[in-house]
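So that the names make sense, note that chain A is the first sequence line, chain B the second, and so on, each numbered from 1.
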Number of protein chains: 2
Amino acid sequence: MLDCKREFHDSEEGVRTAMPENDTTAPGADATPGSSATPGAGAATPAVTREALAQAALRVLEREGLAGLSMRKVAAEVGVKAASLYWHVRNKQELLDLLNDAIMGSAEPPPREGGWREQFHAYCWRYRRLLLDNRDAAKVVAGRLAPGPNLLGLMEDQLDRLRAAGLSDADAAMASYLLGAFVQGFVLQEQSPISAAEVLGGSRREIAVAAGDLFRALPAEDFPNLVDLADDLTAPDMDARFEFCVQRILDGLAALLPPDRR
Amino acid sequence: MLDCKREFHDSEEGVRTAMPENDTTAPGADATPGSSATPGAGAATPAVTREALAQAALRVLEREGLAGLSMRKVAAEVGVKAASLYWHVRNKQELLDLLNDAIMGSAEPPPREGGWREQFHAYCWRYRRLLLDNRDAAKVVAGRLAPGPNLLGLMEDQLDRLRAAGLSDADAAMASYLLGAFVQGFVLQEQSPISAAEVLGGSRREIAVAAGDLFRALPAEDFPNLVDLADDLTAPDMDARFEFCVQRILDGLAALLPPDRR
DNA sequence: ACCTGAACACCGTTCAAGT
DNA sequence: ACCTGAACACCGTTCAAGT
């Protein structure tokens with residue numbers, strides 16, 4: 001087994017309670033390299049930190065999408081050459097992990113009021129909104145569990161509410177997992193281009209119409225249900241669809257609780 | 001708006017009822033190019049068809065994973081150079097769409113017996129199994145809706161059962177969507193490496209243990225619930241977790257039905 | 001109708017070398 | 001401690017050219 005000397009460049013980076021630092025001085029604009037910076041503990045703004053890399057990656061993601069997110073572009077965004085990134089980050093995957101948690105950094109847990117149903121409902125909707133609002137966020141987040149400080153803070157809060165609702169420890173843990181898996185899966189589907197439809201540059205609605213036409217054009221003897229439900233299957237109101245799904249899950253969770261706590 | 005001359009090389013490829021052809025003569029082994037093949041309708045096995053490309057892509061995927069699936073490798077697998085693929089396929093994305101449906105080709109709908117609950121349950125489990133059994137299948141399938149003949153066949157069958165269960169047209173359509181989004185999301189999570197853990201080459205169980213340690217090591221005053229539920233959150237029995245989620249969804253769907261049909 | 005070689009504009013990553 | 005130039009081994013895609 002290949003063992004591991006697990007130290008990395010700066011072995012601090014402990015989990016501190018989520019607060020994104022939020023320095024608004026965007027790097028990449030100033031191109032003054034550290035020429036005569038005092039190298040002591042005087043803190044002359046190290047300029048390129050892992051935090052800064054995450055923010056730079058976030059901007060590149062917004063501008064170019066996940067497919068256009070390269071080490072070279074992130075490096076340029078931060079005013080440095082690609083090879084330099086490997087001093088701060090083991091590889092691209094690790095940069096994506098930082099990006100992952102940076103995305104979660106803009107999440108805000110819903111107000112703590114109302115019953116567990118309202119709160120869980122709000123959680124689902126806010127998570128979906130977050131994924132929809134950050135370009136390609138669903139693809140970045142899905143398929144990679146990067147428990148950074150931001151995600152951990154959200155999980156902590158969510159578990160607290162689920163237990164308060166009366167769920168057992170095991171049920172609370174699973175419900176939290178269910179929420180994450182479902183919302184990610186939903187948004188991934190929601191944002192996925194339909195292969196046949198990308199051909200036309202169409203809007204969301206045009207695509208739905210085209211998909212409906214596709215279903216209706218199927219041979220009715222082989223696909224009676226698809227032909228019949230063409231409209232329902234391609235209804236473009238994704239909010240309604242999401243709401244339906246969330247209500248199913250809420251009802252399912254309610255069944256775990258004693259009747260007086262539902 | 002850029003309009004489109006939408007013809008492609010072979011404009012057949014209509015939707016025929018799903019039957020994967022299943023020719024076991026693997027191409028890529030024989031390297032005899034079509035030297036003196038009769039060009040008429042004599043059918044001298046065209047060797048490289050879109051079907052063959054999909055099967056070749058499937059093999060490359062199994063061998064190298066999605067990250068290693070390149071046009072050059074698929075071309076080699078089929079005994080041809082990369083540039084040639086662009087005669088049969090518009091771009092890599094279109095090849096991935098073919099692969100997408102090829103994966104669905106090995107799906108088998110569950111037996112049509114028992115109540116709707118058992119059948120929906122079996123559908124969820126079989127879909128998950130399918131995604132787990134084909135390397136990186138969840139990643140290929142997620143984020144791309146490629147309604148090929150195989151997927152269409154499955155949707156048709158599934159909708160038929162949901163309507164038979166007593167769901168309205170709209171509800172049946174949404175339930176089908178929910179199933180797909182959830183299972184894809186779940187398996188994506190399930191297969192996703194944990195960033196902190198890939199460091200050790202560990203097995204599934206070792207990773208769970210490491211993740212548990214991570215949670216337990218958090219400052220208890222900031223993350224009381226994560227510390228407390230560390231074991232539940234990292235329980236490695238994914239089957240149990242999936243079953244929990246499926247049961248929630250089933251209960252949620254049951255709530256849509258009149259009591260006598262649940 | 002189908003395939004090829006060669007090229008283009010990119011990638012992620014490594015490493016000796018600079019300061 | 002941090003950054004660089006140059007290189008390596010790849011990518012997807014295009015296109016004139018072959019048969």
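- For D:dC3, neither phosphate oxygen OP1 nor OP2 lies less than 4.0 angstrom from any side-chain nitrogen or oxygen of A:Trp87.
- Under the 3.5 Å distance criterion, the side-chain polar atoms of A:Asp136 are left unmatched by any main-chain donor or acceptor of A:Gly65.
- Listed pair A:His88 / D:dC3 meets the phosphate criterion, a side-chain N or O lying under 4.0 Å from OP1 or OP2.
- Taking only side-chain nitrogens and oxygens, B:Ser84 comes nearer than 4.0 Å to OP1 or OP2 of C:dT4.
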For DNA chain C, produce a single dot-bracket line, 5' to 3'. Pairs: Watson-Crick or G-U wobble, both distances under 3.5 Å. Symbols: ( ) within strand, [ ] crossing, | other strand, . unpaired. ||.|||||...|||||.||
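- In this structure, A:Leu85 places its CG atom 9 Å from P of D:dC3, rounding to the nearest Å.
- A:Ala230 meets the side chain to side chain contact (heavy atoms under 4.5 Å, CB included) test with A:Phe215, A:Arg216; sequence neighbours excluded.
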Donor-acceptor contacts under 3.5 Å from residues 181-191 of chain B side chains, at least two apart:
from: B:Gln184; atom 1: NE2; to: B:Tyr127; atom 2: OH; distance (Å): 3.0
from: B:Glu190; atom 1: OE1; to: B:Arg128; atom 2: NE; distance (Å): 3.0
from: B:Glu190; atom 1: OE2; to: B:Arg128; atom 2: NH2; distance (Å): 2.8

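- Not a single side chain to side chain donor-acceptor pair (under 3.5 Å) links B:Asp237 to another residue, sequence neighbours left out.
- The two residues B:Leu99 and B:Leu69 come nearest to each other via the heavy atoms CD2-CD2, 3.9 Å.
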Along nucleotides 12-19 of chain D, 5' to 3', which nucleotides get a B, which get an S, and which get a -, given that the test is a protein heavy-atom distance under 4.0 Å? BBBB----
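- Of the possible polar contacts, none joining the B:Lys92 side chain to the B:Met71 backbone as a donor-acceptor pair under 3.5 Å is found.
- When the side chain to side chain contact (heavy atoms under 4.5 Å, CB included) test is applied to B:Ala107, the partners found at least two apart in sequence or on another chain are B:Leu130, B:Leu154.
- In this structure, A:Gln158 and A:Leu179 have side chains that are in contact, with non-hydrogen atoms separated by less than 4.5 Å.
- If you measure from atom CZ of B:Arg50 to atom C1' of C:dC2, you get 15 Å, rounded to the nearest angstrom.
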